[in-house]
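Owing to the predicted nature of the structure, the values given are computational and were not obtained by experimental measurement.
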Protein chains: 2
Amino acid sequence: MNDKLTVPASERMKLDNQICFAFYVCSKEIIKKYRPLLTPLGLTYTGYITMLALWEKDKIPVKALGEKLYLDSGTLTPLLKKLESQGFVKRSRSEIDERQVIVSLTEAGHELQQKAAAIPERLVHSFEMDEVQAKQMIESLHFMMKQAPC
Amino acid sequence: MNDKLTVPASERMKLDNQICFAFYVCSKEIIKKYRPLLTPLGLTYTGYITMLALWEKDKIPVKALGEKLYLDSGTLTPLLKKLESQGFVKRSRSEIDERQVIVSLTEAGHELQQKAAAIPERLVHSFEMDEVQAKQMIESLHFMMKQAPC
DNA sequence: CTCTATTTAATTGTTTACAATTTAATGAGA
DNA sequence: TCTCATTAAATTGTAAACAATTAAATAGAG
């Protein structure tokens with residue numbers, strides 16, 4: 001074992017060398033930037049990504065939605081109830097399998113997509129990052145996401 | 001303006017093309033991986049990064065700690081009270097400026113550092129990423145963090 | 001020195017997230 | 001068919017995080 005020329009523990013334990021901390025901060029700060037754009041639409045950040053998923057494909061069970069969003073029913077159930085009370089989605093038991101609750105978009109839910117269409121562009125611009133850089137970054141992140149559920 | 005050969009809105013609004021979502025998922029999933037390593041030490045993830053900051057430099061006011069950690073007093077006050085009740089830190093009013101609460105490590109807080117020393121290495125390994133890749137990623141993230149508070 | 005503005009923590013209220021458990025429905029094996 | 005295991009969603013309890021406000025101390029202007 002002569003490959004142990006790694007950095008000392010003191011160095012490895014510095015906050016600025018923690019990849020976890022960098023992700024954690026970036027994630028929080030990006031979400032903060034969304035808030036002022038989403039609040040006028042009546043959405044929280046979690047509500048927004050849920051709507052993004054549903055705009056791609058709705059009429060799906062809570063389970064499938066949770067897999068897309070990396071969220072469980074403990075988070076989704078109250079969130080979906082709120083989106084339902086706002087009139088954006090409808091929740092209904094599947095007739096084929098009554099364990100499943102199918103989430104679908106309402107008319108208002110579909111209409112909201114137009115109002116939200118400008119958001120992604122505005123956000124990318126708020127970081128000084130061109131589309132190529134953004135694309136590379138997303139690729140790296142997806143590589144990590146794929147390893148996540150292990 | 002003939003540089004408008006950008007992707008269509010439908011493409012930009014896909015969940016998998018949202019850099020925010022990728023950060024959000026990576027951050028959550030990394031934190032999840034820490035849990036089983038931190039629980040035996042009596043730490044949550046937020047408690048852990050707080051201790052990391054204090055191991056680098058303690059006897060600092062809550063404000064300065066919050067700037068390092070990108071957290072405000074609303075999050076830190078209850079967290080520090082808990083770390084105090086566990087015997088890892090001590091909170092005391094500054095005598096020079098009584099508005100400030102100075103956070104310092106106890107003996108047990110210092111000792112905890114030894115027990116936590118193995119954690120960073122174990123985590124990097126749980127992602128299939130070598131140290132060079134990790135270093136590049138951290139640099140990109142820090143570039144984004146620096147832009148955050150605007 | 002006095003009054004006002006600013007700063008620091010703490011508090012309050014709301015949302016987010018997950019682990020663990022519960023309930024109900026379905027599936028599988030004997 | 002009748003268990004027993006599995007699955008889906010909901011529920012419960014706890015920790016995080018932030019916005020907005022409050023209380024107390026300090027700084028600054030006149």
Side-chain angles (χ1 to χ4, degrees), chain A residues 20-21 23-36 38-39 42-50 60-86 89 91-103 148-149, chain B residues 20-21 23-36 38-39 42-50 60-67 69-86 89-103 148-149:
Chain A
C20 67
F21 180 67
F23 270 109
Y24 163 82
V25 171
C26 281
S27 171
K28 284 197 311 173
E29 297 301 322
I30 295 174
I31 289 172
K32 252 188 247 180
K33 290 201 178 191
Y34 272 93
R35 220 177 306 264
L38 295 175
T39 305
L43 292 176
T44 60
Y45 179 73
T46 320
Y48 172 63
I49 60 170
T50 303
I60 57 169
V62 172
K63 180 77 189 287
L65 189 58
E67 277 163 8
K68 270 195 185 178
L69 297 172
Y70 292 73
L71 292 173
D72 69 2
S73 68
T75 305
L76 280 177
T77 297
L79 173 66
L80 291 170
K81 282 182 180 172
K82 196 191 163 195
L83 290 173
E84 187 172 43
S85 79
Q86 294 178 290
V89 309
R91 301 184 317 133
S92 51
R93 288 276 160 191
S94 162
E95 288 175 15
I96 305 139
D97 184 342
E98 296 212 350
R99 289 172 302 184
Q100 298 184 346
V101 167
I102 307 297
V103 185
Chain B
C20 66
F21 179 67
F23 270 110
Y24 163 81
V25 172
C26 282
S27 171
K28 284 198 310 172
E29 297 301 322
I30 296 174
I31 290 173
K32 253 189 245 181
K33 290 201 180 193
Y34 273 92
R35 220 178 307 264
L38 295 175
T39 306
L43 292 176
T44 61
Y45 179 74
T46 320
Y48 173 64
I49 59 170
T50 303
I60 57 171
V62 172
K63 179 77 188 287
L65 189 58
E67 277 163 8
L69 297 171
Y70 292 72
L71 293 172
D72 69 2
S73 67
T75 305
L76 280 177
T77 298
L79 173 66
L80 292 170
K81 282 181 179 173
K82 195 191 164 195
L83 290 173
E84 187 172 43
S85 78
Q86 293 177 292
V89 309
K90 199 166 86 72
R91 302 182 316 133
S92 51
R93 289 276 161 191
S94 162
E95 287 174 16
I96 304 138
D97 183 343
E98 296 213 349
R99 289 171 302 183
Q100 299 184 345
V101 167
I102 307 298
V103 185

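- Listed pair Thr46(B) / dA17(D) meets the phosphate criterion, a side-chain N or O lying under 4.0 Å from OP1 or OP2.
- No engagement by Pro78(B) is indicated, since no non-hydrogen atom pair under 4.0 Å with the nucleic acid exists.
- Each of Tyr24(A) and Val62(A) has a nearest nucleotide on DNA chain D; the 5'-most of these lies closest to Val62(A).
- Between the CD atom of Gln100(B) and the C1' atom of dA24(D) there is a distance of 13 Å, rounded to whole Å.
- If Lys82(A) and Lys28(B) are placed on DNA chain C by their nearest nucleotide, the residue sitting closer to the 5' end is Lys82(A).
- For Glu67(B), the salt bridge (charged side-chain N to carboxylate O under 4.0 Å, His left out) partners are Lys63(B), not counting sequence neighbours.
- In this structure, Leu83(B) atom CG and dA15(D) atom P are separated by 12 Å, rounded to whole Å.
- Here the closest non-hydrogen pair linking Ile30(A) and Cys20(B) is CG2-CB, 3.5 Å.
- Annotation: proximity of residues 92-99 of chain B to DNA chain D (heavy atom, distance under 4.0 Å) is found for Ile96(B), Asp97(B), Glu98(B), Arg99(B), numbered in ascending order.
- For dA8(D), its base never sits under 3.5 Å from the side chain of Ser73(A) at any donor and acceptor pair.
- We find that NZ of Lys81(A) is positioned 13 Å from P of dA9(D), with the value rounded to whole Å.
- Taking atom CG of Leu43(B) as the reference point, atom P of dA15(D) lies 13 Å away to the nearest angstrom.
- Within the nucleic acid shown, Leu76(A) has no heavy atom closer than 4.0 Å to any nucleic acid atom.
- With sequence neighbours left out, Asp72(B) forms a side-chain contact (heavy atoms from CB on, under 4.5 Å) with Thr75(B).
- Summary of the strand contacts: Thr75(B) and Lys63(B) both lie near DNA chain C, and taking for each the nucleotide with the nearest heavy atom, the more 5' one is attributed to Lys63(B).
- For DNA chain C, the contact window with chain B, defined by any atom under 4.0 Å from a protein heavy atom, covers dT7(C) to dA19(C) in 5' to 3' order.
- Note: CG (Leu79(A)) to P (dA9(D)) measures 14 Å, nearest angstrom.
- Between Glu84(B) and Lys81(B) there is no salt bridge, since no side-chain nitrogen of the basic residue lies less than 4.0 Å from a carboxylate oxygen of the acidic one.
- Listed by chain and number, the residues in a side-chain contact (heavy atoms from CB on, under 4.5 Å) with Ser27(A) are Ile31(A), Phe23(B), Tyr24(B), Ser27(B) (sequence neighbours excluded).
- If you measure from atom CG of Leu80(A) to atom P of dA8(D), you get 16 Å, rounded to the nearest angstrom.
- Atom CG in Leu71(A) sits roughly 14 Å away from atom P in dA10(D) (whole-Å rounding).
- Not counting sequence neighbours, Arg93(A) has no partner by the salt bridge (charged side-chain N to carboxylate O under 4.0 Å, His left out) test.
- Every residue two or more places apart in sequence or in another chain that forms a side-chain contact (heavy atoms from CB on, under 4.5 Å) with Gln86(B) is listed here: Lys82(B), Leu83(B), Phe88(B).
- Annotation: side-chain contact (heavy atoms from CB on, under 4.5 Å) contacts of Val62(B) (sequence neighbours excluded): Leu76(B), Leu80(B), Val101(B), Val103(B).
- Not a single side chain to side chain donor-acceptor pair (under 3.5 Å) links Arg35(A) to another residue, sequence neighbours left out.
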